[in-house]
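Chain letters run A, B, ... following the sequence lines, proteins first, then strands; residues in each count from 1.
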Protein chains: 2
Amino acid sequence: MSKMSTQKAYSSGHTLVADEEEFPFFANVLEGVVKLSKILPDGRQQIVGLQFAPDFMGRPFHSESSLSVESATDTLLCTIPRRQFEEMLSKSPELQNRLLKQTLIELDASRDWLVTLGRKNAGEKVSSYLFMISQNCVHTQETEGVVSFDLPLTRADTADFLGLTIETVSRQLSKLKKSGTIEISHNRHIDVLDIEELKLAGGD
Amino acid sequence: MSKMSTQKAYSSGHTLVADEEEFPFFANVLEGVVKLSKILPDGRQQIVGLQFAPDFMGRPFHSESSLSVESATDTLLCTIPRRQFEEMLSKSPELQNRLLKQTLIELDASRDWLVTLGRKNAGEKVSSYLFMISQNCVHTQETEGVVSFDLPLTRADTADFLGLTIETVSRQLSKLKKSGTIEISHNRHIDVLDIEELKLAGGD
DNA sequence: CGTCTCATTGAAGGGGGTCAATAGAAGTGG
DNA sequence: CCACTTCTATTGACCCCCTTCAATGAGACG
């Protein structure tokens, strides 16, 4: 597999796959975070998935629904052309099994997020988001009970992920700051003073 | 496959798999609609998937996230015990391929629904729901441009599917009735007078 | 006919959206 | 180094959509 693959680096905000287009390649996310999003005709946007290192990324077979793929942060990918991957897939039941497992995990994650979007209020959404990032982000560190990490998304992307507006996201973050659950520095860096509190505030 | 499988009939509202439990079986939905739902500790509920005939249903391998499975209507299933299915799966790459494809379709559907829950208003949610049912329900009929079908869900389940309250669902249905887009009889039966209008009202 | 379940409709309130102003951080160029 | 711009985030004021609470309606069934 490694023979045919090539590493590629992208800066944040780069469009990897445009809407309506078929995935031209498959990839492992080696570094960074990639966002999958959907857009309505009038411009409303919803992020429907985040791929963290070392997630696998791609969409074999024909898909009815369209998706655009963008690097949320600076990103390093290990890519393999679509055709070659599908050829390997047809020859290796073991690879197919791994792909099935990954897809099932993404389906679970997507369904978990449906609950967040459908049934949680703004405060719970933001708390759930912070907690999820703390669990998935590679660079998360814990010292003396304080969990620290960088948010991979801008406020605008966070809003599009949570089905909120940037203003509401900002207000909820300020509320968490005032209540002493978190501290924020440089807009993106989060120190969670009480991770259990945060998990609880997420609602589940 | 048909040798080991057995048909089972359930009336609506029957719990097939309880929360936290692993799927004890795999099944084809032969008739009816099955709902997959998640529930928050305080009782808030979100339906995260609907399985129509002839969908395949099951969750191989260990899953972190929990799900409860219930028949939304009277249902006929063709079931096969978990262990036997997984044995077959390991021996048949072709079956695994079919399962992968089905899982990818469900992932697409789930992501499409994320947009509906995150970014659409009540009117668009209800219209999207009606349109989706009209496309998936086996018994949908069209005569002289009028598309007719029965809703598989109660108002309460519809609300849990759309992330709304029953009152809002009811009000939006009444609005569609008044605007002449649909007609409702016996609470569950829908005649869509203008399917294009309904699709448009769904937002995408 | 009474009861139970399910759905509709109305009135009032609140959570989050919208609009707008301000603040901060990061460049850019003189 | 400092004005100037630009991009991003915060904060406030107002408003509206949806929720909440409550009453009524409509079938189904004993």
Donor-acceptor pair under 3.5 Å, B:Glu167 side chain vs D:dC18 base: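 No, no donor-acceptor pair under 3.5 Å.
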Taking atom types as they are modelled, is there a donor-acceptor pair under 3.5 Å from the base of C:dG10 to the side chain of B:Arg171?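 Such a pair is found, so the answer is yes.
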Below 6.0 angstrom between ring centroids: does that apply to B:Phe23 and B:Phe85?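 No, they do not, as the ring centres are separated by 6.0 Å or more.
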Mind checking [X] for me? I need base, sugar-phosphate or nothing, with any heavy atom below 4.0 Å counting as a touch.
{"X": "A:Thr154", "value": "sugar-phosphate"}
{"X": "A:Leu164", "value": "sugar-phosphate"}
{"X": "B:Gly123", "value": "nothing"}

If you pin A:Gly163 and B:Arg188 to their nearest nucleotides in DNA chain C, which one's is more 5'?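 Nearest nucleotide further toward 5': that of B:Arg188.
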Distance, rounded to the nearest Å, where [X] contributes [atom1] and [N] contributes [atom2]:
{"X": "A:Ile184", "N": "D:dT8", "atom1": "CD1", "atom2": "P", "value": "17 Å"}
{"X": "B:Arg155", "N": "C:dT9", "atom1": "CZ", "atom2": "C1'", "value": "13 Å"}
{"X": "B:His186", "N": "D:dG27", "atom1": "NE2", "atom2": "C1'", "value": "9 Å"}
{"X": "A:Lys175", "N": "C:dG16", "atom1": "NZ", "atom2": "P", "value": "8 Å"}
{"X": "B:Leu173", "N": "D:dC18", "atom1": "CG", "atom2": "C1'", "value": "15 Å"}
{"X": "B:Lys125", "N": "D:dT19", "atom1": "NZ", "atom2": "P", "value": "7 Å"}

Nearest 0.5 Å, please: how far is CG in A:Asn136 from CD in A:Gln51?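 Atom-to-atom, A:Gln51:CD and A:Asn136:CG are 10.5 Å apart.
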Listed nucleotide nearest any side-chain atom of A:Ala122, set C:dG16, C:dT8, C:dT18: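 Of the options given, the side chain of A:Ala122 lies nearest C:dG16.
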Note: A:Glu106-B:Arg111 ion pair, threshold 4.0 Å (strictly below):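 Salt bridge flag = yes for B:Arg111 with A:Glu106.
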Counting heavy atoms not belonging to B:Arg188, are there more than 12 under 6.0 Å from its CZ?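 More than 12 heavy atoms, drawn from other residues, nucleotides or ligands, come within 6.0 Å of this atom.
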